[in-house]
Protein chains: 2
Amino acid sequence: MSIVMPDSIRLGRECSQPKHDPAFGACAGCAVRELSVCGVLVPAEINEFEKLSRSTDFEARSTLFTEDEPATQIFNITQGVVRLYKLLRDGRRQIVGFALPGDFLGLALQDDYSVSADAVTQVTACRFQRNAFTQFLDVHPLMMRRLHEMASHELSLAQDQMVLLGRHNADERLALFLLALSERYIRIGESGVNVQLPMSRQDIADYLGLTIETVSRTFSRLAKAKLIVVVPDGVRLLETEGLRQLANG
Amino acid sequence: MSIVMPDSIRLGRECSQPKHDPAFGACAGCAVRELSVCGVLVPAEINEFEKLSRSTDFEARSTLFTEDEPATQIFNITQGVVRLYKLLRDGRRQIVGFALPGDFLGLALQDDYSVSADAVTQVTACRFQRNAFTQFLDVHPLMMRRLHEMASHELSLAQDQMVLLGRHNADERLALFLLALSERYIRIGESGVNVQLPMSRQDIADYLGLTIETVSRTFSRLAKAKLIVVVPDGVRLLETEGLRQLANG
DNA sequence: CGCGCCATTGACTCTGGTCAACGCTAGTGG
DNA sequence: CCACTAGCGTTGACCAGAGTCAATGGCGCG
């Protein structure tokens, strides 16, 4: 049984969605609730949980938090795209992930953030104080378990990314990236064929361990091979099967 | 306050440690207890917990589990070194981590293993059935929390490894690897200066996203620069500060 | 209309990969 | 006891994929 996704999940580019009606519980209308930690809660618990959170907007390019600063807050993205990254002293950057609606930032519950996060598009998130959040977890073990599941899933994705970075060439990296993004979009009710790319080529390069020029050339190569079409703000996947074949060598 | 480590933590190479005395609770004499999940348990709980586990030995090169097979068992390494990896269809391999004494395998509690694991050296591990383990967690929320902490730590390490694979050159990768290993050895009471390398050059290459030849050349280069000395079965770190400087560009 | 930013493309470089030879050591068998 | 062999590691010569540097194009915004 699949959940019909209202079109209120937005990647943030067009910025046209209405604000939450405060008279109507924000969580009740939340399109990503079932996909996120909140999914394990029954309605009564949701109400209690909702009191801990505050919906917060971030402009594109603004910072949610920075690596090594105290992790006082926890975020559940409801709209928009966030990039998570680490910087080296000399300016090199590695993006370790892109967070989409339904994704949770700070689920490690550590004292300090292990990465920096900033908004690629306009972003809306449910914001929690870590203290309040962990106290809630203490009395809702099911949610603790769900959080652990989500962290484990993150770990598994991180392992996949290590394989990508360590053992795949440029073509394979980009193909894997596009396929993975496509599937995530499908999960949140967006098109998996017309794949939106709100992040810049530089962001993609820093995610795939490449340079911007190589990313650009690789887009062109995949387009020439008729696997994709590069369109404004994204790509259209023409042959997912061909991409999959390319991706796996 | 640091814990004095008995020398019963072994990396497995010399294979000289005595078997656990079954009359004496295995956990009571466990050198890595404080470092692992078990550390949060009080003595009474330890006894209960111990009943769920069985100490199991693995020969060097034997398999603990394989990617995608059902994750029926969970392992807590007490001796030896395990490599965790993913294989591509064409034989390429990416090692996503080396597990040392105190490390936990299967802490994601997922239905299927996300990676394969085999013993680099002779290995001893506490083995749990996943069902029994998760039932124990249901009534010991503190342990659930600890498990989540460990998973979060793993995630953080995975992010570091993504930076290594995506944005560091060969010299930096090897330096980072040696420094990280050194610190892990110190944590478990082994020498952080004479760093044991029980894994092969190929293993190191597959961990660092390099080839065996590049790893070998890089060892030689670091040795020529007087940062390390290559010795049988390991290296001696001569200048950790120099290594650190090299590692960070 | 013009400026600036981002993306693309080309020419060239260079780091790390590939292929091949060689050495060392441990294990085996004459 | 020593010769032979197999496997791992090291080194050299050469190659190629991705990086660097530079020029150009396209689009949005003031």
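The chains referred to below are lettered A, B, ... by the order of the sequence lines, with proteins before strands, and numbering in each begins at 1.
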Presence of A:Arg201 side-chain N/O under 4.0 Å of C:dT8 phosphate oxygens OP1/OP2: yes
Measure the distance from CG on A:Leu208 to P on D:dG19 and round it to the nearest whole Å. 11 Å
Can you tell me how far P of D:dG17 sits from CG of A:Leu174, to the nearest Å? 17 Å
Pick the closest DNA chain C nucleotide for B:Ala170 and for A:Arg217 by heavy atoms, then say which residue is nearer the 5' end. A:Arg217
B:Arg92/B:Asp206 salt bridge by N-O under 4.0 Å criterion: no
For the side chain of B:Val230, counting heavy atoms from C-beta on, which of D:dA22, D:dT10, D:dA13 is nearest? D:dT10
In whole angstroms, the gap separating C1' of D:dG19 from CG of A:Asp206 amounts to 14 Å
Interatomic distance, B:Gln202 CD vs D:dT10 P [rounded to whole Å]: 12 Å
Describe the nucleic acid contact of A:Ser216 in one word from base, sugar-phosphate, nothing, applying a heavy-atom distance below 4.0 Å. base
Between A:Leu210 (CG) and C:dA7 (P), how many Å, whole number? 15 Å
Please determine, for the side chain of B:Ser220, which listed nucleotide (C:dG17, D:dT10, D:dC8) has the closest atom? D:dT10
With a 6.0 Å cut-off on ring centres, are B:Tyr207 and B:Phe177 close enough? yes
Looking at A:Arg184 and A:Asp103, is any side-chain nitrogen of the basic one under 4.0 Å from a carboxylate oxygen of the acidic one? yes
For D:dG17, does OP1 or OP2 lie under 4.0 Å from any side-chain N or O of A:Thr214? no
Of the nucleotides C:dG16, C:dA20, D:dG19, which has the atom closest to the B:Glu213 side chain? C:dA20
Whole Å only: how far is the CZ atom of A:Phe219 from the C1' atom of C:dC6? 13 Å
Check this for me, if you would: do B:Arg61 and B:Asp118 make a salt bridge, where the nitrogen-to-carboxylate-oxygen distance has to be below 4.0 angstrom? no
Report the residue (B:Arg61 or B:Arg167) whose heavy-atom-nearest nucleotide on DNA chain D is the more 5′ of the two. B:Arg61
Please report the distance, rounded to the nearest Å, between CG in B:Asn169 and C1' in C:dT13. 16 Å
To the nearest angstrom, how far is A:Ile204 atom CD1 from C:dC6 atom P? 14 Å
salt_bridge(B:Lys86, B:Asp68) N-O dist < 4.0 Å: no
